[in-house]
Amino acid sequence: MRSLDDIFEEYDFLDGDDRYRLLIDLGRTLDPMPDALKTDATLVRGCSASVWVYPVPRDDGALHFLADSNAAITKGIVALVLAAVQDKPAADVAAMDVAAALAPFDLTRQLSSNRTQGVPNMIALVQDTARRLAAG
């Protein structure tokens, strides 16, 4: 997965429609999430589309997340959220200000409120998981 800085460098250069396409393309780069992991327990509440996020703790203490959505743009948004936290130690993810890391993208200005309403819930699920795993 590309770094958030790398994604923003390209995103900042683009106009509205191309930014939209970039997010959709970003969603296509997510690791496949098996259907068996798409359960009520991994479902992110409050999203306009269905979004699932599943943590995979690694032996080195880092977290790798699998995610999917039934809407292409929403899948891109979750990919953007994951770009901020992917493969980082659980304690770092738990302490991180993910919203601040995503602020330069100004998603609320680029996308409808319907598309971005679930972002805080995606962040909360990722960080709650990280806190629980960091605590042992």
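Because only heavy atoms are used, hydrogens play no part in the values below, and waters and symmetry mates are left out as well, while side chains stay in.
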Please round to the nearest 0.5 Å and tell me the distance separating atom CD1 of I7 and atom CG of L102. 9.5 Å
Any non-hydrogen side-chain atom of L30 less than 4.5 Å from a side-chain atom of M1? yes
Using atom types as modelled and distance alone, determine if a side-chain donor or acceptor of Y11 lies under 3.5 Å from a backbone N or O of R19. no
Whether S69 side chain and S50 backbone form a donor-acceptor pair below 3.5 Å: yes
Taking every non-hydrogen atom, the tightest pair across C47 and G118: SG-CA, 3.6 Å
Does the distance from a Lys or Arg side-chain N to an Asp or Glu carboxylate O, for R2 and D6, drop under 4.0 Å? yes
Given side-chain contact (heavy atoms from CB on, under 4.5 Å), test L37 with W52 step by step and report yes or no. CA-CA 8 Å; L37 297 178; W52 301 271; over 6 Å; no
Nearest 0.5 Å please: distance from the OG1 atom of T129 over to the CG atom of L133. 6.5 Å
Apply side-chain contact (heavy atoms from CB on, under 4.5 Å) to the pair M122 and V98, showing each step before the final yes or no. CA-CA 10 Å; M122 289 178 205; V98 179; over 6 Å; no
Does the gap between the ring centers of Y54 and F65 come in under 6.0 Å? no
If I take atom CG from residue D18 and atom CG from residue L23, how far apart are they, to the nearest 0.5 angstrom? 11.0 Å
Is there a chain of hydrophobic side chains (I, L, V, M, F, W, Y, each step under 4.5 Å between heavy atoms) that links V56 to V85? no
Return the CG to CD distance between L26 and E10, rounded to the nearest 0.5 Å. 9.0 Å
Any donor-acceptor N/O pair, D31 side chain to L66 backbone, under 3.5 Å: no
Calculate, to the nearest 0.5 Å, the distance between atoms CG and CG belonging to D12 and L22 respectively. 11.5 Å
For the atom pair CG (D68) and OG1 (T42), what is the distance rounded to the nearest 0.5 Å? 10.0 Å
P89 and D92, any side-chain heavy atoms less than 4.5 Å apart: yes
One pair to check against salt bridge (charged side-chain N to carboxylate O under 4.0 Å, His left out): R45 and D40. What are the steps and the verdict? CA-CA 9 Å; R45 308 280 180 235; D40 196 52; 3.1 Å; yes
Minimum-distance pair of heavy atoms, taken over all atoms of L82 and A67: CD1-CB, 3.6 Å
Check whether any side-chain N or O of R58 sits under 3.5 Å from a backbone N or O of L63 as a donor-acceptor pair, and report yes or no. no
Closer than 3.5 angstrom, by distance alone: can the side chain of D25 be matched with the main-chain N or O of R28 as a donor-acceptor pair? no
Measuring only between side-chain heavy atoms, which start at C-beta, is L4 closer than 4.5 Å to L80? yes
For residues V126 and M33: do they belong to one hydrophobic cluster (side chain heavy atoms under 4.5 Å, members Ile, Leu, Val, Met, Phe, Trp, Tyr)? no
Please check: side-chain N/O of Q127 versus main-chain N/O of V93, any donor-acceptor pairing under 3.5 Å? yes
What I'd like to find out is whether the side chain of V78 reaches to under 4.5 Å of the side chain of V119, using heavy atoms alone. no
